[in-house]
Structure formats: structure tokens, C-alpha cells
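All chains are named by letter (A, B, ...) in the order of the sequence lines, taking the proteins before the strands, and each is independently numbered beginning at 1.
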Amino acid sequence: MFFKIKSTDTESNARSGEIQTDHGTIPTPIFMPVGTVGSVKGVTQRDLEDEINAKIILGNTYHLYLRPGLDILKQAGGLHKFISWNRPILTDSGGYQVFSLADNRKLKPDGAHFRSHIDGSKHIFSPEGVIDIQRTIGADIIMAFDECPPGDATYDYAKKSLDLTESWLDRCIKRFDQTEPLYGHHQSLFPIVQGCVYTDLRKRAAEHIASLNREGYAIGGLSVGEPAEVMYEMVEVVNNILPKDKPRYLMGVGTPENILEAIERGIDMFDCVMPTRNGRNGMLFTSEGIINIRNQKWRDDFSPIDTKGTTFVDSRFSKAYLRHLFVSNEMLGPQIASLHNLGFYLWLVSEARKMIENKQFSSWKKQMVKKVATRL
RNA sequence: GGGGAGAUACCAAAGUGGCCAACUGGGGCAGACUGUAAAUCUGCUGGCGUAAGCCUUCGUAGGUUCGAAUCCUGCUCUCCCCA
């Protein structure tokens, strides 16, 4: 993997660049659609390529390990082949699941003991095991196994959690460096900065991780309940420490507004379920603002879903029709909305790139932040 | 013609003397969703009011009762069975 910065903003820490992988080049800043179980929900691979122009998508170690399981993925020749996706893939390690499935797990020094949400069977995720699993899945970028504490975690808990995450990280790196990719393409391991909302913990974590000289770095444990301002502050603290010449990935973020704010603070990569999940639930993100398409006011609005949208659904279908689909519980509604939202997210980051390259990012961002957060 | 059952809010359907402005489901309206156990979840849904509360409502007209969607009588309508 190779990362190069193409352009930097004069008034902020925003930068544009390129990540080269064996499955193609990813322009940054980038948004990565989430395809947890090997499917970006409601959107076909063809639409991801041709309509949305997604450059990289996510998969999830926890979910793919449970289903379809490693034997199938190995037989298929890895996740790329299994899901017929020849562009880059990033897999999350399952750290977030360790957090969100907290009722079903116990954290022990050797790893996380948990029960499958599917059939209740018992499993252990160790740092080494998670690396091995991600070797089998075969994503281009794989993540260290971490604990993602909730936004309101106490300092004491946050510190203990960070100790655990750091010890797990050392083991992940050791295992990663001792093993080889299975399918002939390179894999990169990204460590994750934790530390909750505590500046000194974030600094410590960032310094530790910066010293490891990996190919890219992630910031995790944000957008988990803390105020947005706190998240931005943590991003600033961490990005001041992380090396500038490596890609920085802010995990799980966020709203269009969050993304613009984070780009301004030097983040290069994002993923979030919001465009797909909220899309399925009737929320559309557009360049003019946010639409709840189920609201009655769209009932007789026959204008296109988004006149400035980049996907075919934006100009082809009306708001009134899309509302009708949602109200009627037609599966086409969520599909159209997911496609639209992902198209918008990818458009947003590509605009950001252009603006950074044209040295117009700051002024553009200022007005865009207002627009995208408007409720229509 | 004879016998039986029933009429409850937008729809369906509980409730059969006070805890009923009325269970529940649907529909409608609104909200939530941030490294996806989510095409899911939550709230509201007679009127006025921020609220306490007040007013009106269970086919219709009367009656019994301190009190009626609930009991009694007349009327209207609907459905089922037998001729």
C-alpha cells in the first residue's frame, strides 16, 4: 500500500491524496460504504461501481466469521471473490461488536469471550485469532482488535480499556508481521487510537501508535454518544500527533456535517452505516439538506429526489413516488434511498477533494456544513 | 313470514354498571438511527389547552341509577338460519 498527499488546504489541516492498493487506487478524503456481512444493504455491486462509484467498501470480521464462516470464505478464494468485488475492501476487526454486543461477552486477558447472536454458540476472539481471520477474509486493509468503550465511560474505565486495547494491539502487530496474505495481494494493518473523551489518554494512545510505523492509522471510540464538539476536539488532539504522511481513518463517522468537520481536521477516510441505515428508514441526505421522505409534505412533490444528485435514481424518480414506496412498505423505497444517500456521501467527499485541490475548501465547507444539516 | 345475532373512534375489534376518552391490531402523523444482532425502534392519534383540566363521544330516542358504551323500552339499520 502506498499513500501520497496531493494537496493540502491553506487554512486548515484538510488534505487530499491517494491510497494505492493491489485492488486499485482510493482517492482521499473518501467515504467507505459499510457492507457488514458482505453486502452493502440494499445496493448491488454493480450500482456501487457504476452509480455510486464507491472506491472501497467495508466488511466485518465478527459477522463474516459467524456467517458464512471461514471455510466458505477460504473455499471462495477470499471475500473479494466471494462477493464479486474487485476493488479494495477494509474489514473491521469486530472490536465494535465486542462493544455493541456487550450483554453477550466477557473481556479476559486472552481475548473476548462471547456468544454468537445467531445461535448462542460460544466463541473467543483473541488478537491473534482476529488477525488470522482477517487474513482468511483477505481485505486490503484490516483493523487491529480493540475495545470500543461507550461515550460516557469513566476515566478509570477508559484507562483500563486503553491498557487492554494497547496490549491487544501489540499482539495483533506481532501476529500480523509473522503471517502472510493468503490470496496474493498485500494487506495493511491499521492500529486504532482509543482513549474515550480524555485528552491525556488520546495523546498517549496516539503517541504509542505513531511510534509503530504502520501504513495507516485509525481513530476509534468516537461518535459513541459524546457531543460532536468533543469528538472534533479528540480528532484534533490525535491528528496533531499522528504522522502526516499516513492515511487517517475516523471510524464510524458520521453525518455529512461530521465528515466535513473531520476532513477539515485532517481525516482521510470515513465509514458509517448512516447513509444506508437511515436511508432504509426514510432519511435522505442531500446537498440542500435532510429529508424525511415519509413526511406528508412530500406527498404531492413531483420534483426529482435530488436535482443535483449523481445517481440515476436522483433524476428519474420523484419525491412523491419515493414517499409512496416508503408508505407502502415497498422494498424498492429503501433501495432507492440507500443508493441516493451513498451517491451523496461519495459526491460530498469528491467535492471536498476538488475544493482542497482548488484551495477553496474552507469557504466551501463553511457554507456546506449549514446546508447539509438543514431540515427540509 | 318465523327464529337468531349484532350496531363501539378512519378501519377491524375488545370492553357488558364506576378503575373508560374507551384494550389491541391496522391505517395515519411525527421522531430516532454514527467502525449495522436494525428494510428497525419510539411517541402521538375525539375537541380545546403548554399543563392541571374542561367539553363532546360507543346506531337512535327515551328510561332506571348517585353514576351507563355496559341495565330496561321504542325505533332504525346490518348479518345469519328456516320457510
Side-chain angles (χ1 to χ4, degrees), chain A residues 31-43 56-64 66-67 89-105 114-120 130 134 139 141-151 165 190-194 217-228 231 249-259 261-262 267 269-285 290 292-299 323 325-339 341 345 375:
Chain A
F31 179 80
M32 308 180 282
V34 178
T36 308
V37 297
S39 147
V40 176
K41 292 186 193 298
V43 182
I56 170 172
I57 61 173
L58 253 71
N60 183 277
T61 301
Y62 167 88
H63 289 283
L64 291 167
L66 288 179
R67 209 162 48 186
I89 298 177
L90 181 153
T91 41
D92 181 31
S93 63
Y96 187 79
Q97 280 60 44
V98 167
F99 153 66
S100 65
L101 307 177
D103 291 346
N104 286 322
R105 56 89 170 139
F114 63 92
R115 282 180 177 274
S116 159
H117 70 277
I118 298 164
D119 61 7
V130 164
Q134 291 186 98
I141 299 172
I142 70 175
M143 303 305 299
F145 188 51
D146 65 339
E147 193 202 352
C148 180
T165 288
F190 281 23
I192 304 169
V193 175
Q194 288 291 349
Y217 302 95
I219 305 174
L222 291 175
S223 65
V224 287
E226 81 288 356
M231 169 168 81
Y249 163 30
L250 180 56
M251 304 182 79
V253 174
T255 64
E257 187 181 359
N258 292 160
I259 288 173
E261 294 291 350
I267 297 291
M269 305 163 70
F270 300 90
D271 79 281
C272 191
V273 303
M274 226 174 214
T276 41
R277 181 190 284 167
N278 291 31
R280 280 199 304 285
N281 295 325
M283 187 170 180
L284 304 184
F285 299 96
I290 294 167
N292 182 347
I293 198 64
R294 292 205 313 250
N295 285 177
Q296 192 172 44
K297 61 182 163 192
W298 309 113
R299 180 191 170 86
R323 175 180 192 273
L325 293 175
F326 269 96
V327 167
S328 306
N329 238 329
E330 283 293 313
M331 64 168 104
L332 184 56
Q335 288 172 347
I336 289 173
S338 298
L339 187 58
N341 280 347
Y345 268 64
R375 296 269 171 171

NA contact type, [X], heavy-atom cut-off 4.0 Å: base, sugar-phosphate, or nothing?
X	answer
A/L58	sugar-phosphate
A/N258	base
A/D271	sugar-phosphate
A/V37	nothing
A/R375	sugar-phosphate
A/S338	nothing
A/G221	base

Gap between atoms [atom1] and [atom2], on [X] and [N] respectively (whole Å):
X	N	atom1	atom2	answer
A/I290	B/C33	CD1	P	10 Å
A/F285	B/C33	CZ	C1'	9 Å
A/R280	B/A39	CZ	P	5 Å
A/L284	B/G31	CG	P	13 Å
A/N281	B/U42	CG	P	13 Å
A/H117	B/A37	NE2	P	7 Å
A/Q296	B/C10	CD	C1'	14 Å
A/N278	B/U42	CG	P	17 Å

Check your understanding: Cut-off 3.5 Å, side chains only: do A/T165 and A/Q194 have a donor facing an acceptor?
Key -> no
Review point. List RNA chain B stems (3 or more consecutive Watson-Crick/G-U pairs, under 3.5 Å)?
Key: B:1-7 with B:76-82, B:10-12 with B:24-26, B:27-32 with B:40-45, B:46-48 with B:53-55, B:59-63 with B:71-75
Point to revise | B/G35 base / A/Q194 side chain donor-acceptor hit below 3.5 Å | key: yes
**Study point:** hbond_proxy A/N60 side chain to B/G35 base (donor-acceptor, 3.5 Å cutoff)
**Key:** no
Practice item. Report yes if the distance between the aromatic ring centroids of A/F114 and A/Y62 is under 6.0 Å, otherwise no. Key: yes
**Study point:** Proximal nucleotide (of B/U34, B/G35, B/A38) relative to the A/K41 side chain
**Key:** B/A38
Sticking with atom [atom1], work out how far [N] lies from [M], rounded to a whole angstrom.
N	M	atom1	value
B/C41	B/U34	P	15 Å
B/A22	B/C58	C1'	8 Å
B/U70	B/U65	C1'	13 Å
B/A37	B/A5	C1'	49 Å
B/C55	B/G1	C1'	48 Å

Practice item. Test side-chain contact (heavy atoms from CB on, under 4.5 Å) on A/N60 and A/Y96 and set out the steps. Key: CA-CA 10 Å; A/N60 183 277; A/Y96 187 79; 5.8 Å; no
Point to revise | Closest non-hydrogen atom pair between A/P191 and A/A144, with its separation | key: CA-CB, 4.1 Å
Study note, to complete from the structure: Heavy-atom nearest pair, A/D92 first then A/M143, reads CA-CG, 3.9 Å
Any side-chain N or O of [X] below 4.0 angstrom from OP1/OP2 of [N]?
X	N	answer
A/T36	B/U36	yes
A/Q97	B/A37	yes
A/R294	B/A39	no

Review point. So, does A/T91 use its side chain to make a donor-acceptor pair with the main chain of A/T61 at under 3.5 Å?
Key: no
Exercise for review: Kindly write out the residues that satisfy salt bridge (Lys or Arg N to Asp or Glu O under 4.0 Å) with A/E226, not counting sequence neighbours, or none if the list is empty.
Suggested key: none
Anything under 3.5 Å between a donor and an acceptor, one on a side chain of residues 326-339 of chain A, the other on a protein residue two or more places apart or in another chain? List them.
unit_1: A/S328; atom_1: OG; unit_2: A/H324; atom_2: O; d: 2.7
unit_1: A/S328; atom_1: OG; unit_2: A/H324; atom_2: ND1; d: 3.4
unit_1: A/S338; atom_1: OG; unit_2: A/P334; atom_2: O; d: 2.8

Review point. Do the side chains of A/Y249 and A/L90 get nearer than 4.5 Å, heavy atoms only?
Key: yes
